[in-house]
Amino acid sequence: MTDLQEELIAVYAKGSVDEVHASPEYAKFYDTNKGKPGFAAERGLVEEMRSRVDATLSAGQNVRDLVATALSIIWNLRKDKERNVYRELILEAMAPVWETKQRDYFKEKSLTLIAAREYFLSFTSRNLGYPNQNVINANHREFIKEAIGSNRYESADLGKENLLAAAIDHLLRSNRRLDGFFFPKHLGDNKLVEKKLLENCEQALSFVQLIQEEIFRFTDPVRNWCFFEFNAVSGSNKPLIFVQVEEKIDGADLYVDYGKWFTAFSARDPIKLVDTRWADRKPIESNLASIRDLGDQILQSLHAIYASVPD
């Protein structure tokens with residue numbers, strides 16, 4: 001945040017937009033700074049965000065609901081510059097009269113929301129039969145085509161890509177307008193890949209993992225990115241949502257390190273996708289409904305932040 005933004009926030013935190021504009025302090029501040037490069041744009045931004053604060057205050061809510069409303073506005077603004085200015089105005093203008101637990105909750109969760117995406121999508125593209133087609137692409141062919149189009153399917157390297165993961169990510173983004181982390185190629189320097197995955201696992205509000213037997217059969221846990229991603233979130237309070245993409249997952253003869261992981265999957269009621277190898281509308285519609293359910297579950301993690309404001 002720039003020095004000019006901080007000065008503007010300090011001025012606009014002292015009252016509503018109308019009250020600020022009527023004050024001698026504002027008139028003096030305006031005359032001093034109006035010729036500076038960027039002043040008009042910065043002042044306009046802070047004034048707009050102060051108007052949002054005024055609208056929040058005018059709703060007549062109790063403090064708990066005010067905190068929830070302010071958090072939802074931060075999320076819906078989407079632009080980090082707007083979010084940060086609105087957050088600082090809330091902290092300056094409203095939070096000082098809140099109880100400490102509510103103020104601390106807003107400070108923490110507002111920063112969480114500014115950095116967050118709704119979901120992290122974990123999956124594998126491992127295909128022991130390469131260059132033959134990945135069985136996931138074959139078994140879900142018609143659902144994939146429904147989601148991302150026949151041209152995308154036919155032009156892909158069906159042995160290397162996991163088009164089911166791409167289809168699910170596309171549906172969540174286009175139909176549910178969710179913002180997630182989708183990393184199709186875990187290639188390059190392992191340290192850089194680990195850093196990128198860890199940062200995005202931490203920042204996502206929900207962790208979604210596509211479950212197929214192949215992820216539990218990989219006997220090198222160091223190079224099993226699905227295992228790495230699960231471990232990155234397993235000790236957190238982050239919701240873990242499993243999507244079973246094969247009709248049967250056999251837990252027999254698991255690699256020894258994966259017991260806790262498989263148990264976590266088995267203990268939950270996963271979303272299940274059915275095979276759509278053939279152009280039958282019923283299973284395709286079933287899978288589309290399952291992805292809508294997935295979107296609902298992802299959104300629950302966001303709504304839980306608003307619902308958990310302390311009294």
Side-chain angles (χ1 to χ4, degrees), residues 116-127 133-153 156 158 161-184 200-201 204-217 225-227 229-230 233-234 238-251 261-304:
R117 297 182 184 215
E118 276 120 334
Y119 64 90
F120 181 105
L121 183 59
S122 172
F123 64 96
T124 184
S125 296
R126 188 166 182 258
N127 176 17
Q133 180 174 187
N134 189 325
V135 67
I136 288 298
N137 294 328
N139 287 347
H140 292 278
R141 177 174 55 222
E142 297 305 321
F143 172 68
I144 293 168
K145 289 181 178 180
E146 177 84 10
I148 61 176
S150 295
N151 288 341
R152 172 76 173 89
Y153 186 91
L158 297 174
E161 292 190 62
N162 184 330
L163 291 180
L164 177 61
I168 291 170
D169 181 68
H170 175 77
L171 289 173
L172 291 173
R173 291 176 184 277
S174 62
N175 293 357
R176 302 306 301 271
R177 301 187 182 278
L178 299 176
D179 178 30
F181 179 80
F182 174 61
F183 196 35
N200 283 278
C201 278
L205 299 180
S206 296
F207 178 78
V208 178
Q209 188 163 69
L210 308 190
I211 301 294
Q212 59 185 100
E213 279 206 358
E214 188 59 46
I215 65 176
F216 299 118
R217 302 292 177 227
W225 290 116
C226 287
F227 184 53
E229 292 157 359
F230 168 78
V233 300
S234 62
K238 197 182 306 295
L240 274 60
I241 307 172
F242 295 114
V243 181
Q244 184 174 326
V245 300
E246 289 179 333
E247 294 189 355
K248 182 181 179 182
I249 304 292
D250 187 357
W261 183 18
F262 188 82
T263 298
F265 158 66
S266 301
R268 288 169 171 79
D269 184 18
I271 292 171
K272 294 183 180 180
L273 300 186
V274 296
D275 287 356
T276 54
R277 184 180 285 267
W278 314 115
D280 183 341
R281 287 307 304 174
K282 186 174 180 180
I284 293 172
E285 292 294 341
S286 174
N287 285 348
L288 290 171
S290 292
I291 301 307
R292 288 194 292 271
D293 181 27
L294 173 60
D296 290 341
Q297 291 193 36
I298 290 170
L299 283 172
Q300 286 176 15
S301 60
L302 176 62
H303 296 154

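None of these values were measured; they are calculated from a predicted model.
Close placement of the Phe182 and Phe123 rings is indicated, their centers lying within 6.0 Å of each other.
Judged as a ring-ring contact (aromatic ring centres under 6.0 Å, His included), the pairs with a partner in residues 263-298 (not counting sequence neighbours) are, in order, Phe242-Phe265, Phe262-Phe265. Applying the side-chain hydrogen bond (donor to acceptor under 3.5 Å, both in side chains) rule to pairs touching residues 134-143 yields Asn139-Arg277, sequence neighbours excluded.
Closest approach of Gln209 and Trp261 over heavy atoms only: OE1-NE1, 2.9 Å. Shown here for Ser125 and Pro184, the closest heavy-atom pair between the two residues is OG-O, 4.1 Å. The minimum heavy-atom distance linking Ile148 with Ala166 is given by the pair CG2-O, 4.2 Å. Scanning both residues, Ser122 and Glu229, for their nearest heavy atoms gives OG-OE1, 2.5 Å.
At a threshold of 4.5 Å between non-hydrogen side-chain atoms, the residues Phe216 and Ile249 count as touching. Between Arg173 and Asp179 the shortest side-chain heavy-atom distance falls below 4.5 Å. The closest side-chain heavy-atom distance from Asn162 to Asn127 is not below 4.5 Å.
Stacking of Lys145 on the aromatic ring of Tyr153 is recorded, both the 6.0 Å distance cut-off and the 45° axial limit being met.
Formation of a donor-acceptor pair under 3.5 Å by the Glu247 side chain with backbone atoms of Asp275 is found in this model. The main-chain N or O of Gly180 is never found under 3.5 Å from a side-chain atom of Glu118 such that the two would form a donor-acceptor pair. Judged purely by atom type and a 3.5 angstrom limit, Ser290 uses its side chain to pair as donor or acceptor with the backbone of Ser286. In this structure, the side chain of Lys238 engages the main chain of Ala204 through a donor-acceptor pair within 3.5 Å.
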| query | Run the side chain to side chain contact (heavy atoms under 4.5 Å, CB included) check on Asp296 and Arg176 step by step: do they pass? | reply | CA-CA 9 Å; Asp296 290 341; Arg176 302 306 301 271; 2.8 Å; yes

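Separating the CG atom in Leu205 from the CD1 atom in Ile298 is a distance of 10.0 Å, to the nearest 0.5 Å. We find the CD1-CZ distance between Ile271 and Arg292 to be 12.0 Å, quoted to the nearest 0.5 Å. Considering CD1 of Ile284 and CZ of Phe143, their distance stands at 9.0 Å, rounded to 0.5 Å. To the nearest 0.5 Å, the span separating CD1 on Ile168 from CG on Leu273 amounts to 5.0 Å. Distance check: Ile211 CD1 to Thr124 OG1 gives 11.0 Å after rounding to the nearest 0.5 Å. Remark: Cys226 SG to Gln212 CD distance equals 7.5 Å, nearest 0.5 Å.
Every side-chain contact (heavy atoms from CB on, under 4.5 Å) that Ser174 has, sequence neighbours left out, goes to His170. Scored by the side-chain contact (heavy atoms from CB on, under 4.5 Å) test, Glu285 finds Arg281, Leu288 as partners (sequence neighbours excluded). Shown here are the side-chain contact (heavy atoms from CB on, under 4.5 Å) partners of Asp250, two or more places apart in sequence or in another chain: Glu213, Arg217, Ala252. Scanning for side-chain contact (heavy atoms from CB on, under 4.5 Å) contacts around Pro283 gives Val274, Thr276, Asp280, with sequence neighbours left out.
When the shell of 6.0 Å around NZ of Lys272 is examined, it contains 12 or fewer heavy atoms from other residues, nucleotides or ligands.
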